[in-house]
Amino acid sequence: MLELIDLHARVGDTPILKGVNLTIPAGEVHAIMGPNASGKSTLSKVITGHPDYEVTSGDIRFEGESILELEVEERAHRGIFMSFQHPVEIPGVATSVFLKESVNAVREANGEEALDAAGFLRAARKKMKLVELDKSLLHRSLNEGFSGGEKKRNEVFQMAMLEPKFMLLDEPDSGLDVDALRIVASGVNALRRDDRAVLVITHYQRLLDYLVPDKTHVFVDGRIVKTGDAELAKEVEARGYQWVRDELKASA
Amino acid sequence: MAPSLRHRDHTGVDHYVGLPRPAGREAAAERLQSFGFPGRRDEDWFYTPTKRLLEARFTPVVGSPAAVSAELRSELPEGARAVFVDGLFDAELSTVVGHLAGRLDPAAPPAALLGDPLGFDALNAVLWRDGVELTLAEADLLHLVHISTGTQRLGVVRHRIVLPEGATATVMEHHLGEGGASLVASVTELDLAARATLHHVLLQQADAASHHVHTVRVRVGAGAAYHGSSVQAQALLARLSWHVELAGEGAFTRLAGVALGVGRSHVDHHLLVDHAVPGCTSRQDVRAVLDGHARSVFTGKVVVREGAQQTDSEQANHSLLLSDDAVANTRPQLEIYADDVTCAHGATVGSIDDDSLFYLRQRGLSPAAARGLLMEGFARAVLAELPEGPAHDLSHALVSRWLAAR
């Protein structure tokens, strides 16, 4: 579903991605783990098309087609969704107003009929249950004054409403206690399907107890240096990243 | 706390003093003659030049009110409304009855709250011919509508409204207009008795070439609450002088303003909150969204009188600039003569936040739709506390309409 081919990218004059190769087939969950400042978050911004990041070489292919020339919103229309590490607070914009506009922008871009107010509310009420959010949240300003857990659950709720093909979770576990973590993970699990794929970027293995990856990739200095199964995540958690670096040096 | 004119301009004074006026206005005319209008270097008008306005020499309509177009008639709010066309009461367009139909008598000027008027307030005192004078009852909702019908016309109107003890009511003032450059010089005096609550909403959506100089003067009694909201969405020049005296212990005021500017429009919110007694609370939140060469001015003056302990005051002014040529002037002024007070103020001027824009685009919104939503949220956040009903709906609709038309 998603292929990154020798992907290089920079922000300003600073190269950050230095040849990322990654293929995520439909139906799979992949995890990327890496130390701070390894370029993990840059990877998610480059995949989603953030205007501050410039792809200098390589390609991003989604369902077989290059998406490098597509704008942020066009990639979203194709079915790429990123759950933000730090969801933005937008005072004055009710969650329901924003989300209805968002759902209908994606639907209309795909030739589907826009949801009316009643249809939207029906769908929203159903999907909020998935992440145990209260429906009063719909009337509150988007993410404003939400707790850390509410923000992350709100991301998964939006994901459920938009029904993306590719779910990119950028540190969905940061700032969450174990209970909130479980709710977020079970929300994501409920959205998994054979025709959807998940990429989760995280520091910590604990999330992966609930959201078990088919493959784990270790990301160091702008590229993937090691790939394994769910056990690799546990090994990284236990031993840190230094041994991966040491292995790299030894093989160089 | 009378305003002063430190720098004066006598342009146009002879014209206005020479116009026909109701009897008994000699003293006001003399004040206008001797003090003139605020000049370019007067502190309270520093960012709002009046020279061209004064050179324009507007003239009032005398006799019966001018005809109002079908288009403007269709914009009249539903419910109890008193309509003033170029400053004259229009009985045909008005729907007020009973206690809401009370009118000022131009031959018997009221003992004004205003004190000794200066500048445009003096102009108002010399030339006003009409306005309401009434005492509201519980749950009243009154619309005061000001219409300017044409170029070079002067509308001078004055209202005096009393809210009795413990009552809650809403007054909405609408400025509508067509036909180009005109001047409306209005004064609204509000007197809130103890524990009364008034929602006062000012919606300015007049002609893009019109001028508005409005003084709102409020006295808030003990335990009473004055909630003022202003949306200035049109006009070449809109100046709102908003003077609130917290006169009884435990009085509260919240002043919320939205300045929306395009082209060369100029919107000035000039706020003065006077904490005259202990234990009062005030909030000011004024926001501007500016495009083209538009300019907004915010002056937020908070005075805490000697002995006005336990004063709690907060002030915020945030501006969103959509073009390189838009300008926001912001000026907090605190004068504090008591020691046990909390006074906070903050101001920001910026453009649309890139992180927010990226977030919304990631959710599928086009850049234009995302910007629209962010602007709307920014402006409407100030109006979030309006009570449900016309006050809320009409204010928010005006913001949305302006953004859609921008």
Point to revise | Student check: side-chain heavy atoms of A:Val11 and A:Lys45 closer than 4.5 Å | key: no

Output the option from [options] having the highest count of non-hydrogen pairs under 4.5 Å with chain B.
| options | answer |
| --- | --- |
| A:Pro91, A:Ala105, A:Ala109 | A:Pro91 |
| A:Val106, A:Ile90, A:Asp52 | A:Ile90 |
| A:Asn104, A:Ile80, A:Leu162 | A:Ile80 |

Review point. Within 45° of the axis and under 6.0 Å from the centre of the six-membered ring of B:Tyr359, does NZ or CZ of B:Arg363 qualify?
Key: yes

Interchain contact, [X] with chain B, by part (heavy-atom threshold 4.5 Å):
| X | value |
| --- | --- |
| A:His50 | both |
| A:Leu99 | neither |
| A:Asn110 | neither |
| A:Val97 | side chain |
| A:Gln158 | side chain |
| A:Pro164 | neither |

Review point. Non-hydrogen atoms of chain A under 4.5 Å away: do they reach the side chain of B:Phe378, the backbone, both or neither?
Key: backbone

Point to revise | Structural part of B:Ala369 lying under 4.5 Å from a heavy atom of chain A | key: both

Review point. Between B:Ser282 and B:Gln284, does any side-chain donor sit less than 3.5 Å from a side-chain acceptor?
Key: no

**Study point:** Donor on one side chain, acceptor on other, A:Asp170 and A:His86, under 3.5 Å
**Key:** no

Practice item. Look at atom CG of A:Asp195 and say whether more than 12 heavy atoms of other residues, nucleotides or ligands are closer to it than 6.0 Å. Key: yes

Under-4.0 Å salt bridge between [X] and [Y]:
| X | Y | value |
| --- | --- | --- |
| B:Arg283 | B:Glu385 | no |
| B:Arg295 | B:Asp268 | no |
| A:Lys152 | A:Glu171 | no |

